[in-house]
Visitor: 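A single structure is presented below for examination.
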Number of protein chains: 2
Amino acid sequence: MPDQDPARPTLADVAARAGVSASTASLAFSGSGPVAEATRQRVLAAARELHYAGPDPRARSLRRGRSGIIGVVIEERVREAFRDPIHIAQFDGIAEEIGHIDAALLILAASPAHPLGGVKAMPTEPVRPVTVEDAPIDAAVLMGCTPRLADSVSALRDRGLPVVAIEGFPAEGVLVIEQDNRDATERGARHLRQQGHERVAIITLPLDAAHHRGLVTQELLAIGSSATALQRLEGARAVFPDARAYAAAGSYVDEGRRAALEILSLPEGERPTAIIAQSDLLAVGVIRAAEELGIAVPDRLSVIGFDGVRVDGLWPYELTTLEQPAYEKGRAAGRAIVRMLEGGEAEVVAFTSVLRVGNTTAPPPAG
Amino acid sequence: MPDQDPARPTLADVAARAGVSASTASLAFSGSGPVAEATRQRVLAAARELHYAGPDPRARSLRRGRSGIIGVVIEERVREAFRDPIHIAQFDGIAEEIGHIDAALLILAASPAHPLGGVKAMPTEPVRPVTVEDAPIDAAVLMGCTPRLADSVSALRDRGLPVVAIEGFPAEGVLVIEQDNRDATERGARHLRQQGHERVAIITLPLDAAHHRGLVTQELLAIGSSATALQRLEGARAVFPDARAYAAAGSYVDEGRRAALEILSLPEGERPTAIIAQSDLLAVGVIRAAEELGIAVPDRLSVIGFDGVRVDGLWPYELTTLEQPAYEKGRAAGRAIVRMLEGGEAEVVAFTSVLRVGNTTAPPPAG
DNA sequence: GAGGCGACTCGAATCGATTCGATCGCGCTT
DNA sequence: AAGCGCGATCGAATCGATTCGAGTCGCCTC
């Protein structure tokens with residue numbers, strides 16, 4: 001029994017009460033056709049009397065073929081997306097642009113890839129899972145998604161929906177909003193090199209789908225799927241080929257702290273004089289760890305981040321970081337979606353990060 | 001023509017190719033019924049060959065009567081919701097809880113109320129507006145909504161959808177997650193009184209739908225519709241009945257600064273010795289303004305906020321504020337939705353704010 | 001006064017899937 | 001060997017609205 005309440009009125013009921021046909025009633029509501037004003041009023045009155053709440057959006061969107069909803073696909077759990085300032089800025093930008101066509105934003109967590117028709121866990125859940133492949137959306141924006149989603153993406157394409165990705169691996173039929181992760185990180189690394197640093201460590205964003213934490217090995221690199229993390233790693237190693245890298249399990253302050261505590265446990269003279277963190281939150285964690293260990297920043301340890309979000313409670317530090325235009329990236333994605341929905345072609349957009357030098361980087365200690 | 005591409009395959013096509021009936025094909029996909037493994041494989045194979053992307057979510061949700069989407073209604077433009085840390089924490093909490101039933105979150109900006117069947121602006125927009133009343137949602141969470149939405153809310157009720165409100169005016173059939181705005185502010189005000197303050201000013205959140213800025217007059221109070229702002233104002237005036245209040249046009253640092261510059265333009269001796277701001281962001285603005293005017297905080301001006309979000313770049317200040325459990329409020333709303341969707345009754349939850357004393361409040365200057 | 005034109009209204013097909021009840025075999029029991 | 005039970009499959013109704021083509025009716029024109 002799909003209907004929860006018996007006898008919720010339908011358009012047909014309203015039409016009957018108003019003494020018109022369903023088609024006329026529909027016209028009266030949608031306004032797309034000639035309806036006599038008197039008739040229209042009669043229909044609206046009937047609707048009021050029956051407490052009819054207007055055409056059912058489900059039926060409407062089935063018939064019309066459009067739902068007015070844009071999906072934003074993230075690969076973490078939904079709640080984590082709200083923790084990351086970069087995500088938020090990008091949401092913001094997307095919302096700004098699709099607001100122009102009055103579309104709404106559906107936040108979707110990518111489900112673990114499941115084969116076409118794979119068995120769902122519980123057949124009679126009160127609410128069925130909304131996955132990327134079966135959400136009533138008109139288009140999708142992928143945020144930092146990995147090839148793990150390839151199946152879902154091709155399902156979207158099979159549906160004929162426009163798909164735009166903000167960073168991530170290029171895929172057939174997906175418009176990518178690009179970010180110069182590799183080159184930007186290389187610029188940041190060069191900045192360290194110029195200051196005289198030789199021993200550098202890297203803390204990366206999660207590389208693989210399972211978010212493995214720890215030293216980045218060949219094996220981990222091989223299964224690495226995060227374009228963003230890999231590109232930034234590549235940029236850093238272009239300058240410091242032998243730099244050790246540690247993967248964090250997420251872009252959180254505490255993950256940065258944890259990795260840094262491990263990195264900095266070496267005796268001075270062996271331990272790195274600089275750490276390249278792949279996000280500002282990680283970098284803040286590094287600074288916290290240094291404070292705990294009594295290692296002065298930037299005198300004995302330089303720290304560089306990525307993102308350019310202004311992190312809370314960092315005073316007196318001003319993080320040296322690579323500032324990326326997250327809000328603008330979101331807008332570009334939104335604009336692309338709008339254009340594609342209107343039947344046009346959207347072109348690839350590439351964004352550039354700017355090195356903002358703060359007071360967390362300095363020449364390495366003389367010794 | 002609803003379909004954009006000609007000949008996108010449907011379940012019937014797949015069934016035909018697999019040599020089974022549509023009903024069997026449906027069973028093969030949904031898994032809710034006995035289907036021979038061989039048949040199932042045949043159907044899935046046919047689907048692959050035709051590039052069939054799975055059952056159309058629109059049709060599915062029409063038939064099933066559920067879409068798996070929970071709407072979160074905000075009254076600002078969507079993008080502004082992402083700017084407010086309290087909103088974000090609440091989103092986060094909601095997402096956490098509804099994640100348990102695999103539902104997704106639809107962010108909806110409340111449209112200006114329009115009468116049932118009111119004329120839409122453009123009949124042939126590429127994407128139709130998604131308003132509160134016609135979004136394919138299974139339930140709605142209202143975030144800080146005003147009576148302006150009364151029509152939309154009653155439409156939701158007519159649809160038989162569960163509706164939960166986080167703060168806001170109680171409405172028939174709407175479960176409210178409450179916050180002790182009035183009493184909490186009163187406690188904060190009493191803290192100032194105990195320190196000896198007499199001349200106090202208040203900076204409120206937007207009171208009315210139009211977000212009028214400026215001195216709070218009787219007229220403004222009369223059209224005030226934000227429960228949160230009104231309750232907090234009431235709490236402050238319970239202690240300082242004659243305190244002047246200024247409405248900000250939004251919860252932003254710059255709005256707080258702007259209001260404070262006006263408030264503090266009086267000669268010392270007449271100007272307030274303390275300012276009660278209705279949000280932390282506003283309070284930070286007050287501190288900024290005081291810095292600009294060379295007024296020492298807390299020596300010559302005490303400042304108290306509301307929210308307990310840790311605002312960036314405030315050092316060396318630790319804001320005295322009323323800490324509210326925003327994340328928990330979101331969770332409570334999410335839990336209530338889940339319970340109601342499962343057919344149960346959800347009970348009202350009330351949250352309490354705690355006064356956290358920082359270093360922005362002190363006794364007023366002796367003079 | 002007949003023809004014609006418009007403004008309205010209606011019937012019926014359609015969107016694409018789900019689901020209930022009925023049917024059909026087929027193996028097993030007694 | 002007849003009867004039974006059960007798993008697999010199918011037909012048809014249904015979900016609730018939109019839309020197209022086909023009337024219907026009144027009024028204007030020549």
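Only this structure's heavy atoms are used, side chains among them; waters, hydrogens and symmetry mates stay out. Just so we're clear, the structure is a prediction, and the values are computed from it rather than from any experiment. Residue numbers start from 1 in every chain, and the chains themselves are labelled A, B, ... in the order their sequence lines are given, proteins ahead of strands.
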Visitor: Which listed nucleotide (dT9(C), dG16(C), dC15(C)) is nearest to the side chain of Arg63(A)?
Guide: dC15(C)
Visitor: Given dA8(D), dG16(C), dT18(D), which nucleotide is nearest the side-chain atoms of Arg60(A)?
Guide: dT18(D)
Visitor: Have a look at Pro55(A) and say if it touches a base, only the backbone sugar-phosphate, or nothing, with a 4.0 Å heavy-atom cut-off.
Guide: sugar-phosphate
Visitor: Please round to the nearest 0.5 Å and tell me the distance separating atom CG of Leu106(B) and atom OG of Ser67(B).
Guide: 8.5 Å
Visitor: Within less than 4.0 Å of OP1 or OP2 of dA17(D), is there a side-chain N or O belonging to Tyr52(A)?
Guide: yes
Visitor: So how far is it from Ile94(B) CD1 to Ile70(B) CD1, rounded to the nearest 0.5 Å?
Guide: 9.5 Å
Visitor: Of all the choices, dC10(D), dC10(C), dA17(C), which nucleotide is nearest to the side chain of Val20(B) once you look at every atom?
Guide: dC10(D)
Visitor: Do Ser21(B) and dG11(D) have a side chain to base donor-acceptor pair shorter than 3.5 Å?
Guide: no
Visitor: Quick one: which of dT19(D), dT18(D), dG16(C) gets closest to the side chain of Ala59(B)?
Guide: dG16(C)
Visitor: Supply the atom-to-atom distance Leu11(B) CG to Arg60(B) CZ, rounded to the nearest 0.5 angstrom.
Guide: 10.0 Å
Visitor: Rounded to whole angstroms, how far apart are CG on Leu11(A) and P on dT18(D)?
Guide: 7 Å
Visitor: Looking only at side-chain atoms of Asp56(B), point me to the closest of dA8(D), dG16(D), dA17(C).
Guide: dA17(C)
Visitor: Answer yes or no: does a side-chain N or O of Thr39(B) lie under 4.0 Å from OP1 or OP2 of dT9(D)?
Guide: yes
Visitor: Which nucleotide in the set dT9(D), dT18(D), dG11(D) lies at the smallest distance from any side-chain heavy atom of Arg64(A)?
Guide: dT18(D)
Visitor: With respect to the side chain of Thr24(A), which nucleotide from dC10(C), dA17(D), dC8(C) is positioned closest?
Guide: dC10(C)
Visitor: Using a strict 4.0 Å threshold on nitrogen-to-oxygen distance, state whether Glu347(A) and Arg339(A) make a salt bridge.
Guide: yes
Visitor: Without decimals, in angstroms, what is the distance between Leu27(B) CG and dC20(C) C1'?
Guide: 11 Å
Visitor: Between dA17(D) atom P and Arg58(B) atom CZ, what is the distance in whole Å?
Guide: 17 Å
Visitor: Could you tell me the separation between the CZ atom of Arg159(B) and the P atom of dC15(D), rounded to a whole number of Å?
Guide: 17 Å
Visitor: Should the ring pair Phe82(A) and Phe91(B) be called parallel, tilted or perpendicular, given that the plane angle runs from 0 to 90° and is split at 30 and 60?
Guide: parallel
Visitor: Roughly how many Å is it from CZ in Phe29(A) to P in dT18(D), rounded to a whole number?
Guide: 9 Å
Visitor: With a 4.0 Å limit, can you tell me whether Ser26(B) has a side-chain N or O closer than that to the phosphate oxygens OP1/OP2 of dT19(C)?
Guide: no
Visitor: Taking atom C1' of dT19(C) as reference, at what distance in whole Å does atom CZ of Arg66(B) sit?
Guide: 17 Å
Visitor: Closest approach to the side chain of Leu62(B), judged atom by atom: which nucleotide of dG7(D), dG16(D), dG11(C) is it?
Guide: dG16(D)
Visitor: To the nearest angstrom, how far is Arg8(B) atom CZ from dT14(C) atom C1'?
Guide: 17 Å
Visitor: Of the nucleotides dT18(C), dA12(C), dC8(C), which has the atom closest to the Ala36(A) side chain?
Guide: dC8(C)
Visitor: Any chance the side chains of Ser26(B) and Ser23(B) put a donor and an acceptor closer than 3.5 Å?
Guide: no
